[in-house]
Amino acid sequence: MRIEMPYGGTTLCADIPWGRALGTLDVADAPELPRLDEAVREALVAPLGMERGLFDIVRPGESVALIVSDSFRQTRADRFLPVLVDGLNRAGIRDGDIQVCYSTGTHRGPAPEEQKLILGAEMYARLGGHAFAHDAHDSANLELLGTTRRGTPVWINRRVLACDRIVATGTVVLHYFGGFGGGRKSIVPGIAGVETISRNHSMNLDPHSDRLNPDVRIGVLDGNPVAEDMLEAAQFVPVDFILNTVLNRQGRIAGLFAGEMDAAHRAACRMAYELYSAPIDEQADLVVASAGSAKNFVQSHKALFNAYQAVKPGGRIVFVAPCPEGPGSEQFTQWLRRRDRADIIAGLRERAEINGQTALSTVEKAPLACFVTEMGEDSVALLRGRKAESLTDALNKAHAELTALGTPDPTVWLMPSAGYTVPFVSSG
């Protein structure tokens, strides 16, 4: 079996003389939208769930907060922003009236070179001087707007709220506890305070037993308490318009969805589910999965989560994840240093925190994984995984472990885009 896996900007290859391939799970094929500039204009003037387009809503001289994603997710904002901003200009909104906010949630803000990649060279030159990164920990720059029915206090970035209009952009993928990315996630957690984020994400835990909440599911919005609370919290914010993309496996724009926050987002979610979900009839003994170019383990965790859906209980995962920035943050590693799963859950009961949620998921899944990574052995051990020197070494280690468990000829799923591809076992 020939195995090729993306690793940062390169591809790792290995040949194995054992195993029975079940196939490759990947994002479905979808063409790039033709005449993209025209498609963007059409989406902005004929929105979903609204009677008027963006350029009919704004008034000359108004200030506009333009929310864009940070450097940890690709949206191809560089492709649609020139059309959006030029349209605002024609509607009487000058470049100087536009405040760009990077919706970081609890991530770090993007470096200047990353900002240029996010916005594109032209927009960075025009708007970069009045762009800023949200800081969830900066209480002085947060305003309390209310509390959701589930008890989440809604703290939101003051600079965004001070603008006359709010336009949120992003991309939609399946998300392991938010249901889907994009839409309301540009607001919560995107420009929300850490208390808001932590309270919302705490709903990932079952309120009655020490386990993850079974109602919090990937690819599910309705009935998912995290997703429902996110939307309610985001609706405290007067978002005038959203523009969300759905990207194909080459990272090009395959779908554009603009308009009212919930209506446009749900339309994008339907397309994203068709593209990113991968129905399977059976789980495999071994899953070989790549996190692509994810910069740290916290971002790579999505790929591990997805690979876990395709592996049998007690199986093995070969996890290809460079993680040049290491585990992700000191807060995350502090959670990992707790004794075990029960200790993490106890800590989360005392103080809800997003890094703790990710740590809990990690210690449940990483024991099955052999890592091909730039992280050191100590970091991988802290994640509860094992480090290999190469893809071949990882495959051999996984094979030896499976052979010792009585499976010398394991079935194998390959997942070259594991951060985006979500396996679902067919119920029938």
Side-chain angles (χ1 to χ4, degrees), residues 1-26 283-328 332-333 336-337 358-359 361-421 423:
M1 191 188 308
R2 178 72 168 175
I3 295 176
E4 298 182 355
M5 286 286 139
Y7 183 79
T10 64
T11 299
L12 303 183
C13 303
D15 294 295
I16 54 175
W18 45 264
R20 292 179 288 124
L22 296 178
T24 298
L25 305 177
D26 206 345
Q283 294 170 311
D285 302 304
L286 172 65
V287 175
V288 186
S290 170
S293 300
K295 297 181 180 182
N296 57 45
F297 177 78
V298 169
Q299 290 302 306
S300 299
H301 166 261
K302 299 168 186 176
L304 180 63
F305 179 97
N306 292 339
Y308 190 81
Q309 311 312 304
V311 73
K312 290 179 181 177
R316 291 295 183 269
I317 298 169
V318 168
F319 193 51
V320 179
C323 305
E325 295 183 3
F332 178 58
T333 57
L336 290 172
R337 291 189 184 103
T358 305
S361 178
T362 298
V363 301
E364 291 182 344
K365 298 168 178 64
L368 301 184
C370 190
F371 283 67
V372 182
T373 182
E374 294 178 25
M375 290 186 291
E377 287 190 12
D378 289 347
S379 293
V380 175
L382 191 62
L383 296 167
R384 305 334 191 246
R386 296 165 304 293
K387 181 172 179 175
E389 295 305 314
S390 65
L391 177 58
T392 298
D393 183 38
L395 289 162
N396 289 337
K397 280 182 165 65
H399 183 231
E401 292 175 4
L402 288 168
T403 299
L405 294 170
T407 310
D409 192 30
T411 54
V412 183
W413 281 120
L414 303 179
M415 296 182 64
S417 307
Y420 300 99
T421 311

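What you are looking at is a predicted structure, and each value in this text was computed from that prediction instead of being measured.
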Which atoms form the tightest heavy-atom contact between [X] and [Y], and what is the distance?
| X | Y | result |
| --- | --- | --- |
| Val288 | Val412 | CG2-CG1, 4.2 Å |
| Ala14 | Thr392 | CB-OG1, 3.5 Å |
| Met375 | Gly326 | SD-C, 3.8 Å |
| Thr333 | Pro327 | CG2-CB, 3.8 Å |
| Thr403 | Pro408 | OG1-CA, 3.6 Å |
| Leu383 | Thr362 | O-CG2, 3.6 Å |

Should [X] and [Y] count as an ion pair when the cut-off is N to O under 4.0 Å?
| X | Y | result |
| --- | --- | --- |
| Lys387 | Glu377 | no |
| Asp409 | Arg20 | yes |
| Arg386 | Glu401 | yes |

Measuring only between side-chain heavy atoms, which start at C-beta, is [X] closer than 4.5 Å to [Y]?
| X | Y | value |
| --- | --- | --- |
| Val372 | Met5 | no |
| Asp285 | Trp413 | no |
| Trp18 | Pro410 | yes |
| Phe319 | Ser290 | no |
| Met415 | Tyr420 | no |
| Thr11 | Cys13 | yes |
| Cys323 | Lys295 | no |
| Thr421 | Asn306 | no |

Q: Could you walk me through whether Val298 and His301 pass side-chain contact (heavy atoms from CB on, under 4.5 Å), step by step?
A: CA-CA 5 Å; Val298 169; His301 166 261; 5.8 Å; no

Can you measure from [atom1] ([X]) to [atom2] ([Y]) and round to the nearest 0.5 angstrom?
| X | Y | atom1 | atom2 | result |
| --- | --- | --- | --- | --- |
| Lys312 | Leu368 | NZ | CG | 13.5 Å |
| Gln283 | Gln309 | CD | CD | 8.0 Å |
| Glu325 | Glu374 | CD | CD | 10.5 Å |
| Ser390 | Leu12 | OG | CG | 8.5 Å |
| Cys370 | Asp393 | SG | CG | 6.5 Å |

**Q.** Asp378 atom CG, neighbour heavy-atom count above 12 within 6.0 Å
**A.** no

Q: Take the angle between the ring planes of Phe297 and Phe371 and call it parallel below 30°, perpendicular above 60°, tilted in between.
A: tilted

Q) Pick one: which of Leu414, Ile16, Leu402, Thr411 meets side chain to side chain contact (heavy atoms under 4.5 Å, CB included) with Leu286? A) Leu402

